[in-house]
Amino acid sequence: MKQLTQTGKTVDDAIAAALEKLKKSQEQVTVRVIEEGKKGFFGFGAKNAEVEVTVKEPSDAPETVQKTETSDAKPSDEEIAAEMPAAPLEEDGEEPDFEQQESESATKPSNDIAIAETKNYLQDVAKGMKIEDLTVTHEKQGKTVRFTLESEKVAVLIGKRGQTLNALQQLAQLVANRHAEQFMTVELDAENYRERRQETLEQLADRMADKAIRTGNRVQFEPMPSYERKVIHQALSRRLDIDTHSEGKDPNRYLVIEPHK
């Protein structure tokens, strides 16, 4: 008894892959679903489907002879199918290599495709968050692509202190670079949040630096993404009375200001 366990994004994908490997049709096997699989959220938590495919045993010879020697009874559909010739081979006598054909037809990496796939991904995420009116535009600046999100519910996409927007930006960068011809940096913005956030961080940086000088002690910020820490570093680079550095590990890495000694 020939048996194969196969995984795939969906049950149908897993079955199709197993049939291709076994060189059998759906009618020639039995299928047991081990795992239905799930899509996950934001592209994470997804789980492949898994099936067990078993090739059906052929009828034994005595039974076949007995059927042949019986009267002129009309053969069943199963008997007709069993006597049909197998699918024809290619001209060189070998069966088609479906995996090679699929590989050859795969789309080549392209920055334009990467941008389109990223837009589709953001649309899908928005729909998962019950946001149906999202529009996504983009602007290229060298190796950086800035995507701008517009929606009546854009505040949901930004989240508290930009946490949702920052998470979406990291995921969008992963999606883009799966398809890009060369590495690209992805920036996500909504309602000029990035510009407004930069102004807020620069003002906060000055207040925290003044506090460090006034108290003579080090002060530290809450954890923030690397590009927000970079904004503060740059804002305080002109000051000679304090020093700045980062501590901790992402995603809990934070910036520290100390009076210059």
Side-chain angles (χ1 to χ4, degrees), residues 1-68 74-110 113-132 134 167-168 170-181:
M1 179 183 296
K2 195 168 184 179
Q3 193 174 77
L4 176 67
T5 300
Q6 181 66 44
T7 60
K9 289 184 179 180
T10 65
V11 170
D12 289 340
D13 288 344
I15 293 174
L19 293 176
E20 183 177 313
K21 290 181 179 179
L22 294 170
K23 307 301 181 186
K24 299 293 181 182
S25 66
Q26 183 97 37
E27 293 74 19
Q28 294 174 300
V29 301
T30 58
V31 177
R32 181 172 71 88
V33 178
I34 300 174
E35 175 65 53
E36 291 284 351
K38 58 181 181 179
K39 293 182 178 179
F41 187 59
F42 279 11
F44 289 92
K47 191 172 185 180
N48 282 342
E50 185 176 2
V51 299
E52 182 183 80
V53 179
T54 306
V55 178
K56 293 179 181 178
E57 292 287 348
S59 303
D60 32 306
E63 183 179 355
T64 304
V65 173
Q66 183 178 3
K67 289 181 180 178
T68 304
K74 184 178 179 180
S76 66
D77 292 340
E78 289 79 2
E79 291 170 332
I80 294 173
E83 294 183 5
M84 290 181 66
L89 302 178
E90 292 187 333
E91 292 182 1
D92 59 2
E94 297 183 0
E95 297 187 8
D97 189 344
F98 295 105
E99 292 183 2
Q100 181 178 356
Q101 293 176 7
E102 182 179 352
S103 176
E104 291 175 354
S105 62
T107 305
K108 293 182 179 180
S110 163
I113 292 176
I115 291 171
E117 290 291 341
T118 303
K119 287 184 176 181
N120 290 337
Y121 178 78
L122 293 170
Q123 292 281 3
D124 290 342
V125 170
K127 289 178 181 178
M129 299 171 71
K130 308 301 182 185
I131 299 174
E132 302 291 340
L134 178 69
L168 282 174
Q170 292 178 349
L171 295 172
Q173 173 134 341
L174 292 175
V175 172
N177 284 295
R178 284 178 57 191
H179 303 277
E181 184 177 0

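Atoms OH and CZ, from Y121 and R178 in turn, are 9.5 Å apart once rounded to the nearest 0.5 Å. If you take NZ on K2 and NZ on K21, they are separated by 11.5 Å, rounding to the nearest 0.5 Å. Once rounded to the nearest 0.5 Å, the distance linking CD of E117 with CG of L122 reads 11.5 Å. Taking CE from M129 and CG from L134, the interatomic distance works out to 10.0 Å, rounded to the nearest 0.5 Å. Here the CG atom belonging to L4 is positioned 9.5 Å from the CG atom belonging to L19, to the nearest 0.5 angstrom. In this structure, CD on E132 lies 6.5 Å from NZ on K127, to the nearest 0.5 angstrom.
In this structure, the side chains of V31 and Q26 come closer than 4.5 Å at one or more pairs of heavy atoms. Contact of the E36 side chain with the V11 side chain is registered, since non-hydrogen atoms from C-beta on lie closer than 4.5 Å.
Considering all non-hydrogen atoms of both residues, K56 and E27 come closest at NZ-O, 3.0 Å. V53 and V29 make their closest contact through CG1-CB, 3.7 Å (heavy atoms, listed as atom of the first residue, atom of the second, distance). Shown here for A14 and G8, the closest heavy-atom pair between the two residues is CB-N, 3.7 Å.
A donor and an acceptor atom, one from each side chain of E52 and T5, are nowhere located under 3.5 Å apart.
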Just list the side-chain donor-acceptor pairs under 3.5 Å for residues 170-177, sequence neighbours left out, or say none.
residue, atom, partner, partner atom, Å
Q173, OE1, V186, N, 2.9
N177, OD1, M184, N, 2.9
N177, ND2, Q173, O, 3.0
N177, ND2, M184, O, 3.0

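Annotation: salt bridge (Lys or Arg N to Asp or Glu O under 4.0 Å) contacts of E35 (sequence neighbours excluded): K47.
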